[in-house]
Amino acid sequence: MGNPIQKLSDNVSLVANADTWIEGKAIQQLEKTAQLDSIVKAVGMPDLHPGRGYPIGAAFLSRSKIYPALVGNDIGCGMSLWKTDIKLRKVNLDKFEKHLSTIDAPLHEDWKEYIDSRLVEKGLMKTNFDQALGTIGGGNHFAELQQVSDIYDEAVFNALDISKNNLVLLVHSGSRGLGESILRNHVEEFGHQGLDEKSEAFSHYMKRHDDALKFAELNRELIAKRILKRLRGNGELVIDVNHNLVSQFRVSQIQVSQNQVSQNQVFESLDSENGKGWIHRKGATPSDCGIVMIPGSRGDYSYLVKPELNSNSSAECLYSLAHGAGRKWRRSDCKSRLSKRYKKSDLERTGFGSRVICKNKALIYEEAPEAYKSISSVIESMKAANLVTPIARFKPVLTYKTQGGC
DNA sequence: ATGTGC
């Protein structure tokens, strides 16, 4: 199988086993981005795929400059997992689909007081983007009801107190129009150049970036609460982790018990006085925030994994993991590749027998399971690299994309 | 990705 962490060049690594398809264009983007001024290390995750200029499924360490364009427009995009009290035996997909109609619309006035109080608690000002709070958005965003399928580590799983008889809810969304406007305003003034950490522009961007993280977290919370209310269920947040962000890293921040040497090798090019740097995650899940969920396509499993920090690999991989299966096909290719095989109605069911709610015809093809890599190859790559230990996997019951038709 | 671009 070869080394699961391939060294592509001096400061570029790729986590992928032989089974994991990685597109050449994504590698080119990874290597080109690694050449940017102040960037000392780039790592492609097994879900690496091409983006608009910069690859998705990658992490970048810089010394003293940050690159807002590298984080992209969906600042704070992430994954939240909720355990619910909705019993598997109570699942009625037709009823659920009815209950979930119109959740694309802005939240009703009844939510206003709660939203206002949550904004205040998070220190966020009101903006015109608030009407998007509680909505999923487009692209690869979704909300998915899932059931436990397989448990690999009973002790760790049981500690999370997730019942095998109940559904869980996974929400993938971000900061909607807010993050988009932050990046657009930034690019209009500065283009794609990096911002020195001592500059005023840096502080201005980071303040807005941090607000977008909080906004995205609140958005996912409101999406989950809205769905649970519609389904007459209750839920509790288990995990919420962002995978599009830039954050400061200190060498001393993580204790690597056995392999301090390797960590120092990776981070040796940072400022020698304080050992600080910036980790840009573009579709890369942090590995230093505890247990995380890494979903496959709507027709594949989602894996709950425990990141392993006591390995050579975690520093080499910039304390980052894949954020999903990663696209295999370009969006624009999906319809032509699949329309002979499947009608739209075929795509509203998956191999698991789960339901897909997506009234947008282009999107239901673009997000077809065939358009994504196999999640097991992504997980196996990270396992072989000693980055994660799988705890459990879940299978989809109902995937909500959008009611918006066209 | 985006109250979606000419």
Side-chain angles (χ1 to χ4, degrees), chain A residues 25-26 29 33 45 47-58 67-80 102-108 115 126-144 171-188 192 205 208-209 211-220 222-223 241-246 280-285 295 297-298 322-327 329-335 358-367 371-372 399-406:
Chain A
K25 189 180 172 190
Q29 289 181 335
T33 308
M45 302 302 153
D47 57 336
L48 187 78
H49 60 281
R52 294 189 48 147
Y54 310 108
I56 298 155
Y67 289 87
L70 202 43
V71 175
N73 62 320
D74 197 3
I75 305 159
C77 184
M79 215 63 78
S80 75
T102 73
I103 66 165
D104 290 344
L107 279 165
H108 189 267
I115 293 173
K126 288 191 192 187
T127 73
N128 289 333
F129 300 106
D130 294 348
Q131 57 187 304
L133 284 167
T135 64
I136 294 167
N140 59 359
H141 291 171
F142 63 82
E144 191 167 89
V171 177
H172 178 207
S173 189
S175 55
R176 314 286 280 98
L178 178 66
E180 195 276 335
S181 84
I182 293 170
L183 181 67
R184 185 164 30 80
N185 293 342
H186 170 78
V187 169
E188 277 165 8
H192 284 225
Y205 171 79
R208 302 199 75 199
H209 164 281
D211 282 350
L213 300 191
K214 292 184 211 163
F215 185 92
E217 287 157 11
L218 178 57
N219 185 33
R220 289 189 291 271
L222 290 164
I223 291 165
V241 176
N242 299 315
H243 52 230
N244 284 356
L245 73 164
V246 55
H280 301 68
R281 293 189 176 94
K282 172 69 171 172
T285 303
S297 73
R298 70 188 184 213
H323 78 311
R327 293 198 75 80
W329 296 350
R330 294 186 336 207
R331 288 187 178 279
S332 52
D333 291 345
C334 299
K335 181 88 197 300
C358 180
K359 303 304 172 201
N360 181 309
K361 193 171 179 182
L363 189 60
I364 202 169
Y365 280 93
E366 288 170 12
E367 293 289 311
Y372 281 85
T399 307
Y400 188 98
K401 296 290 289 181
T402 178
Q403 293 280 5
C406 64

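Quick note on labels: first sequence line is chain A, next is B, and so on, each numbered from 1. Everything numeric here is computed off the predicted structure, so don't read it as measured data.
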Collect all protein-nucleotide pairs involving nucleotides 4-6 of chain B in which both atoms are nitrogen or oxygen and the distance is under 3.5 Å.
none

Report the residues that fulfil side chain to side chain contact (heavy atoms under 4.5 Å, CB included) with N360(A), sequence neighbours left out, ordered by chain and then residue number. C358(A), A362(A), L363(A), T402(A), C406(A)
Under 4.0 Å, heavy atoms only, any strand: does G139(A) hit a base, just the sugar-phosphate, or nothing? sugar-phosphate
Within the 4.0 Å heavy-atom criterion, would you say N244(A) contacts the bases, only the backbone, or no part of the nucleic acid? nothing
Where the side chain of N219(A) meets the backbone of F215(A), is there a donor-acceptor pair that is under 3.5 Å apart? no
When we call it a touch if two heavy atoms are under 4.0 Å apart, what does G51(A) touch: a base, just sugar-phosphate, or nothing? nothing
Round to a whole Å and report the spacing from CZ of R176(A) to C1' of dT2(B). 8 Å
Just jot down the side-chain hydrogen bond (donor to acceptor under 3.5 Å, both in side chains) partners of E367(A), sequence neighbours excluded, or say none. R327(A), R331(A), Y372(A), K401(A)
Who are the ring pair (Phe, Tyr, Trp, His ring centres under 6.0 Å) partners of Y205(A), not counting sequence neighbours? H186(A), H209(A)
Return each pair, listed once, that meets salt bridge (charged side-chain N to carboxylate O under 4.0 Å, His left out) where at least one residue sits in residues 174-183 of chain A; pairs must be two or more places apart or across chains. E180(A)-R184(A)
Side chains of residues 48-55 of chain A: which donor-acceptor partners sit under 3.5 Å, not counting sequence neighbours?
from   : atom 1 : to      : atom 2 : distance (Å)
H49(A) : ND1    : D47(A)  : O      : 2.9
Y54(A) : OH     : H192(A) : ND1    : 2.7

